Number of protein chains: 4
Amino acid sequence: MEAAATEPQKLPRRERERMAQRQEMLDAALGLFSKKGFRNVSMQEIAETSEFAIGTLYKFFKNKEDLYRALVREQAVKFHEGIMLAIASADDEVDKLRNFVRAKEEVFRANVAMIRLYFSETQGARHNVLAGVDSEMRDKHEEFLQALAGVFESGMARGRFRQIADPYHLAVALESVTNGFLLQGLLRPDRQKMPEDPDAILDIFFQGLLA
Amino acid sequence: MEAAATEPQKLPRRERERMAQRQEMLDAALGLFSKKGFRNVSMQEIAETSEFAIGTLYKFFKNKEDLYRALVREQAVKFHEGIMLAIASADDEVDKLRNFVRAKEEVFRANVAMIRLYFSETQGARHNVLAGVDSEMRDKHEEFLQALAGVFESGMARGRFRQIADPYHLAVALESVTNGFLLQGLLRPDRQKMPEDPDAILDIFFQGLLA
Amino acid sequence: MEAAATEPQKLPRRERERMAQRQEMLDAALGLFSKKGFRNVSMQEIAETSEFAIGTLYKFFKNKEDLYRALVREQAVKFHEGIMLAIASADDEVDKLRNFVRAKEEVFRANVAMIRLYFSETQGARHNVLAGVDSEMRDKHEEFLQALAGVFESGMARGRFRQIADPYHLAVALESVTNGFLLQGLLRPDRQKMPEDPDAILDIFFQGLLA
Amino acid sequence: MEAAATEPQKLPRRERERMAQRQEMLDAALGLFSKKGFRNVSMQEIAETSEFAIGTLYKFFKNKEDLYRALVREQAVKFHEGIMLAIASADDEVDKLRNFVRAKEEVFRANVAMIRLYFSETQGARHNVLAGVDSEMRDKHEEFLQALAGVFESGMARGRFRQIADPYHLAVALESVTNGFLLQGLLRPDRQKMPEDPDAILDIFFQGLLA
DNA sequence: AATGAATGAGTTTTCATTCAT
DNA sequence: AATGAATGAAAACTCATTCAT
């Protein structure tokens with residue numbers, strides 16, 4: 001009868017305390033990694049920032065890479081869940097897309113550190129430490145693309161959308177465009193030309209898409 | 001009676017040899033950096049791969065960072081020029097966009113290593129070594145976005161395109177979508193779902209765009 | 001019920017141990033530096049001689065130069081204090097000079113390594129690492145010369161010495177002569193011609209000096 | 001029937017040119033070594049300063065140490081000869097001493113670079129490269145001290161000086177005092193307290209010495 | 001004969017990881 | 001259980017020396 005991870009109130013106090021400590025370590029690490037990159041952050045630094053001893057870090061994580069993986073995995077899951085929920089939480093396909101864009105923007109805005117981490121690991125360079133997590137993250141990403149494609153597909157089936165392209169391609173396109181706009185807005189805050197309203201992103205899409 | 005490809009036929013032999021050596025170093029470095037990232041590649045490794053002594057590397061590049069910067073700058077210029085040329089080499093705006101997508105695809109396909117390098121430095125993580133080159137690259141990127149926006153603008157003015165959105169936003173959108181599709185196709189070659197014909201990317205765009 | 005030599009009995013045990021380690025490092029370094037010079041001693045060597053790991057050296061000293069500076073400063077302070085005390089610890093000027101010569105000889109004899117270090121940094125070559133400590137050492141040396149000049153001056157005022165020369169010049173002369181004799185005796189032990197009794201050095205001086 | 005080193009006009013032209021080149025190398029090296037010390041000067045630097053190729057340096061000197069030794073030896077000989085000549089070039093002992101002090105001061109003033117080199121190799125630190133030259137230089141120095149002691153001895157014998165101390169000790173004392181004053185004056189030009197007239201140095205001596 | 005490009009051993013320094021307290 | 005001092009492998013960089021031109 002052991003309590004499940006999703007209902008932490010049932011965990012023995014000892015266990016709960018451990019999880020809280022672990023979380024503090026991960027939080028400190030997230031800030032540092034997203035600011036300076038994996039190789040430019042020392043365990044010493046993480047220890048100091050999280051106010052634990054180095055040895056204690058090694059009690060929780062086998063090594064530096066393990067800590068990093070745990071961090072990326074945690075963040076990816078959080079991100080993934082938020083986005084998937086957004087897609088699920090509406091009946092109409094147009095609303096699903098709106099929810100998706102809004103949720104994504106919110107997550108981006110709320111946690112720039114996480115975003116930087118996420119993109120440094122999914123886009124571009126694969127010189128990352130994530131040989132292992134990598135495939136898991138790709139799978140999650142693919143799963144999400146499939147779900148998004150599903151929205152387009154059912155939208156087409158229900159006549160909400162015109163059949164302008166392969167639903168999966170549309171999913172990739174929407175994912176790309178939202179990334180592009182949000183990154184442009186977040187990582188280059190000097191650029192003033194980005195639309196305030198996230199829905200504006202969709203307008204471009206909907207111009208050709210809506211039936 | 002020798003005629004060099006571009007123009008360097010006038011360089012003294014010594015100089016030409018030096019440039020060739022330099023290029024071999026940069027080539028070796030590109031392969032390694034794009035595979036493993038800046039911090040995970042040692043000068044030792046670059047020396048061995050390029051078959052020069054470490055000391056010789058340091059004759060050509062002041063330090064590791066200098067070598068990296070030279071590499072990124074070289075690649076970025078090549079990339080930028082190819083893309084800008086493509087936009088310029090047509091009169092009709094629709095043709096310009098087609099040229100752009102084709103040129104971009106070609107460059108991507110021809111040099112995956114370079115792409116990885118490029119994206120690891122423009123997207124995502126900013127824990128990069130490029131504090132200096134960085135702004136130069138951003139500027140180039142911005143310049144390109146402006147040029148692309150110009151295409152949309154004149155297309156609208158000439159009645160080729162409908163006025164569905166801010167031209168700059170359209171530029172960001174097209175840039176994002178091409179990135180998304182090409183990266184999906186190149187970096188994840190297992191994914192078979194991407195369109196063979198690069199023009200297919202544009203179809204999605206043109207659905208809503210064309211007048 | 002333990003009573004330490006000077007005063008550190010109040011330091012926590014941990015701190016005392018650290019200081020002892022630091023001292024062992026400095027001792028090893030003094031031996032090596034005085035024998036081979038700054039640039040000819042590697043951190044590896046110091047680590048091996050002092051039986052610590054290289055990393056441990058770097059826990060105590062920021063870098064090689066920092067270690068060297070600490071060493072020179074420590075030795076210079078010790079030397080300076082000994083000499084100044086000797087001058088102070090008598091009422092009669094002639095006794096002050098005797099004390100000075102004896103103390104200097106004692107310090108020289110007791111620590112040839114230190115002497116070599118001291119002279120390599122105050123005399124001769126200024127290609128030293130001591131840009132920083134340097135001025136501090138010069139100041140100490142100057143301060144000492146002034147004190148010695150003071151002895152000559154008050155000796156003259158009190159009629160103990162004849163007014164044969166500027167007191168500061170006499171100070172420089174005595175400092176030089178003691179250095180010359182002691183170095184000759186210590187650094188070239190083959191030379192048997194030096195006087196056994198350090199006071200003999202003063203005889204030369206006193207011949208013209210005493211009233 | 002080969003021409004002697006002291007009459008270079010007899011050397012074949014080829015040989016003379018070689019010697020001139022060698023001299024230029026040594027001159028460049030003297031400037032650099034006296035400013036920065038042995039280890040802080042690279043062969044590259046010496047080559048550039050003397051405007052020869054590195055390879056040419058190695059044609060003249062077996063290695064860096066050999067070049068340094070040659071330099072120190074050359075300077076020491078020059079110095080030694082000047083001083084010895086000064087002692088010889090008078091009949092009266094008091095004049096000999098005056099000549100000595102004047103000659104020494106002149107040499108010091110004329111070639112601070114050489115002095116620095118000389119002192120960094122005779123005084124203090126023996127972390128020098130001169131394991132070999134060393135003994136030669138000590139011998140020369142000892143020879144000079146003997147000569148100076150001879151002056152004191154004959155001066156005493158002739159009744160010019162009082163018999164205040166062992167002549168050799170007096171020689172060491174005078175050598176030390178002149179060094180002290182001249183170094184103080186030369187290496188620390190900020191110190192204004194040194195006597196202008198080098199003879200003033202002797203006054204201190206003569207006070208007790210003169211019969 | 002003179003050159004200087006190329007070499008690579010050797011140096012300083014960092015930092016992940018271990019383990020005695 | 002938590003600590004953090006100690007470790008030493010690995011990396012960036014320098015420079016004396018060689019040798020093909």
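What you see is a predicted model; the values in this text were computed from it and never measured. Throughout, protein chains are lettered first and strands after them, A, B, ... in sequence-line order, and every chain is numbered starting at 1.
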Of the listed nucleotides F/dC13, F/dT17, E/dT17, the one nearest the side chain of D/Lys64: F/dT17
What integer distance in Å separates B/Leu67:CG from F/dC13:P? 10 Å
Would you classify B/Gln21 as touching base, sugar-phosphate or nothing, given that sugar-phosphate means primed atoms plus P, OP1 and OP2, and contacts are heavy atoms under 4.0 Å? sugar-phosphate
Take atom OH of A/Tyr58 and atom C1' of E/dA20, then tell me their distance rounded to the nearest Å. 18 Å
For A/Lys59 and E/dT18, what is the distance between atoms NZ and P respectively, to the nearest whole Å? 11 Å
Verdict with reasoning, B/Tyr58 to B/Met43, per side-chain contact (heavy atoms from CB on, under 4.5 Å): CA-CA 9 Å; B/Tyr58 279 90; B/Met43 289 301 265; 3.5 Å; yes
Expressed in angstrom and rounded to an integer, what is the separation of D/Asn63 atom CG from F/dC19 atom C1'? 17 Å
F/dA5 phosphate, OP1 or OP2: any side-chain N/O from C/Thr56 under 4.0 angstrom? no
Spacing between B/Glu17 atom CD and E/dG4 atom P, to the nearest angstrom: 16 Å
Stem list, DNA chain E (Watson-Crick or G-U pairing under 3.5 Å, at least 3 consecutive pairs): E:2-21 with F:2-21
Rounded to the nearest Å, what distance is computed from the NZ atom of residue D/Lys62 to the P atom of nucleotide F/dT18? 11 Å
So if I take residues 42-55 of chain D and measure heavy-atom distances to DNA chain F, which residues fall below 4.0 Å? D/Ser42, D/Met43, D/Ile54
Determine, step by step, whether D/Asp27 and D/Glu24 satisfy the side-chain contact (heavy atoms from CB on, under 4.5 Å) criterion, reporting the C-alpha distance in whole Å, the side-chain angles of both residues, the deciding distance to 0.1 Å, and the verdict. CA-CA 5 Å; D/Asp27 289 348; D/Glu24 284 191 72; 5.5 Å; no
Rounded to the nearest 0.5 Å, what separates atom OG1 in D/Thr49 from atom CD in D/Gln44? 10.0 Å
Tell me: CE of A/Met25 to P of F/dA1, nearest whole Å? 13 Å
Using a 3.5 Å distance criterion without hydrogens, assess whether the side chain of A/Lys35 forms a donor-acceptor pair with backbone atoms of A/Leu30. no
Between the main-chain N or O of B/Leu67 and the side-chain N or O of B/Lys62, is there a donor-acceptor pair closer than 3.5 Å? no
When A/Arg18 and C/Arg18 are each assigned the nearest nucleotide of DNA chain F, the 5'-most assignment goes to A/Arg18
What orientation do C/Phe38 and C/Tyr68 show, parallel under 30°, tilted 30 to 60°, or perpendicular over 60°? tilted
Give me each pair satisfying salt bridge (charged side-chain N to carboxylate O under 4.0 Å, His left out) with a member in residues 40-56 of chain D, each pair once, sequence neighbours excluded. D/Lys36-D/Glu45
Atom-pair distance (OH on B/Tyr68; P on F/dC13), nearest Å: 15 Å
Do B/Arg18 and B/Phe60 form a cation-pi contact, if we require the NZ or CZ to be under 6.0 Å from the six-membered ring centre and within 45 degrees of the ring's axis? yes
Please check this pair: side chain of C/Thr56 against backbone of C/Phe52, looking for a donor-acceptor N/O pair closer than 3.5 Å. no
